[in-house]
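What you are looking at is a predicted structure, and each value in this text was computed from that prediction instead of being measured. Order of the sequence lines fixes the chain letters, A, B, ..., with proteins taken first and strands second; residue numbering starts at 1 for each chain.
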Amino acid sequence: MPELPEVETIRRSLAHVVDVKIKTLRLSRLAPVETTTPTRVRRELSGAKLMAWQRWGKYLLMETDRGVQLVLHLGMSGQLRFFAKEAPPAPKHTHLELHLSDGALLRFVDARRFGTLSLSWGEERRDNPFLARLGPDYFDPKVTPKVFVGRCRRHPKLSLKAMALNQGVAAGLGNIYACEALYRAELDPRRLVGATKDQELAAFLKQSRATLAEGIQRGGVSMRDYFDGLGHRGVMKEFLRVYDREGTPALDGRGLVHRIVQNARSTFFVPEVQQ
DNA sequence: GCGATCCTGGCC
DNA sequence: GGCCAGGATCGC
């Protein structure tokens, strides 16, 4: 569900939830705890003080004063919500609750359980197997066009769509923003990386950043499940040019949107515009 | 590389 | 009842 802009919007909405201790922690039996154990999560985080919220691609990182970080991935349907006081009763599929020392509550809910909870220590965070495989964030300043092109070139046989969704190349694009960025860069999602010029890959990077930045500015895309940490919806859906517009003109009127299936995911594109 | 797979819920 | 969904890993 949430792609980079949605996770960033959540991060920003929780920026004030710091300098407070975790008084108690509740983990459900079905909590998607990965690469560690519920016992360890409880032991490491109980009594820890929240220091900062970071983001890497679609991962949200909760830093504590103990050096341990909670690494959260929201999968397709995950939601993280903050309640300053008087939280409503826990809905179905509540997997984690952090009761804070000032009476506030952080609640992680994820019906489909595609999300994950894991832990990480250390600056580089490479001890966490999820983060270890992750390419640099799309907004990482170290990702120059040259660096990006080099990373793409490791996968000459991937389609541009598959490359865009590959979090090892660069982290943050999901199905919606991948379609939008390819449209803006005027690149055919079926084309192979190996058949794409450096300059075109660089254009894709540039348009990806522009699309992601607009997504953040508009508070993300709220299809159905997505809300920020305070329960607000984003309005980016109204500004998507091709995603979910099969059979209708692109939002900017440059042609009819087609839908195809690539790697079992829908791709929306305009063949006349994207070569 | 690609399809199957994890899971629940909403919509037709 | 069947299909589809904002993700990512795992086999083949």
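Relative to the six-membered ring of A:F227, A:R81 meets both conditions, a distance below 6.0 Å and an angle of at most 45° to the axis. The cationic group of A:R218 lies under 6.0 Å from the six-membered ring centre of A:F239 and within 45° of the ring axis, placing it in a cation-pi geometry.
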B/S/- along nucleotides 7-12 of chain B (protein heavy atoms under 4.0 Å) is BBS---
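Taking the six-membered ring where the residue is Trp, A:H95 and A:F108 present tilted rings, their angle falling between 30° and 60°. Using cut-offs of 30° and 60° on the angle between ring planes, the pair A:Y138 and A:F148 is tilted.
Salt bridge A:K146/A:D198: absent, no basic N to carboxylate O contact under 4.0 Å. Using a cutoff of 4.0 Å between basic side-chain nitrogens and carboxylate oxygens, A:E214 and A:R209 are not scored as salt-bridged.
Taking the centre of each ring, A:H73 and A:F114 stay at or above the 6.0 Å mark.
The gap from the C1' atom of C:dA8 to that of B:dG10 amounts to 22 Å, rounded to the nearest Å. Only the P atoms considered, B:dG9 is 24 Å distant from C:dT9, to the nearest whole Å. B:dG1 and C:dG6 are spaced 23 Å apart, taking the C1' atom of each and rounding to whole Å.
Taking atom CG of residue A:D110 and atom P of nucleotide C:dA5, one finds them 18 Å apart after rounding to whole Å. A:M236 places its CE atom 13 Å from the C1' atom of C:dG6, with the value rounded to the nearest Å. Straight-line distance from the CZ atom of A:R265 to the P atom of B:dG1: 19 Å, rounded to whole Å. The distance from atom CG of A:N263 to atom C1' of B:dT5 is 15 Å, rounded to the nearest whole Å. The distance from atom NE2 of A:H95 to atom C1' of B:dC6 is 13 Å, rounded to the nearest whole Å. When rounded to the nearest whole Å, the span between CG of A:L72 and P of C:dA8 equals 13 Å. Separating the CG atom of A:N128 from the P atom of C:dA8 is a distance of 14 Å, rounded to the nearest angstrom. In this entry the distance linking NZ of A:K161 with P of B:dG3 reads 13 Å, nearest Å.
Between atom CG of residue A:D228 and atom CZ of residue A:R11 there is a gap of 12.5 Å, rounded to the nearest 0.5 Å.
For A:K58 and C:dA8, the shortest distance from a side-chain N or O to OP1 or OP2 is below 4.0 Å. The side chain of A:R154 places no N or O atom within less than 4.0 Å of a non-bridging phosphate oxygen (OP1 or OP2) of B:dG1.
Among the heavy atoms of the strands lying under 4.0 Å from A:L158 are primed sugar atoms or P, OP1, OP2 only; no base atom is included. Using a 4.0 Å heavy-atom criterion, one finds that A:Y243 contacts the sugar-phosphate atoms exclusively. Counting any heavy atom pair closer than 4.0 Å across all strands shown, A:S159 reaches no nucleic acid atom. The residue A:H73 sits close only to the backbone: its heavy atoms come under 4.0 Å of sugar-phosphate atoms, none of a base.
Judged by distance alone, the side chains of A:R259 and A:S266 do bring a donor and an acceptor atom under 3.5 Å apart.
Not one N or O on the side chain of A:D127 forms a donor-acceptor pair closer than 3.5 Å with the backbone of A:S120.
The shortest side-chain heavy-atom distance between A:L160 and A:F204 does not fall under the 4.5 Å cut-off.
DNA chain C lies under 4.0 Å from at least one heavy atom of each of the following residues of residues 166-174 of chain A: A:Q167, A:G174.
Set against C:dG6, B:dG1, C:dT9, the side chain of A:K157 has B:dG1 as its closest nucleotide. Minimum atom distance to the side chain of A:S266 is reached by C:dA5, of the listed C:dA5, C:dT9, C:dG6.
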Given the rule in the side-chain contact (heavy atoms from CB on, under 4.5 Å) test, do A:L131 and A:L61 qualify, once you have shown the distances and angles that lead to the verdict? CA-CA 11 Å; A:L131 303 183; A:L61 306 153; 3.9 Å; yes
What's the verdict on side-chain contact (heavy atoms from CB on, under 4.5 Å) for A:L14 and A:L80, showing C-alpha distance, side-chain angles and the deciding distance? CA-CA 9 Å; A:L14 296 177; A:L80 186 64; 3.5 Å; yes
Applying the Watson-Crick and G-U criteria (both distances under 3.5 angstrom) with [ ] for crossing and | for other-strand pairs, one obtains for DNA chain B ||||||.|||||
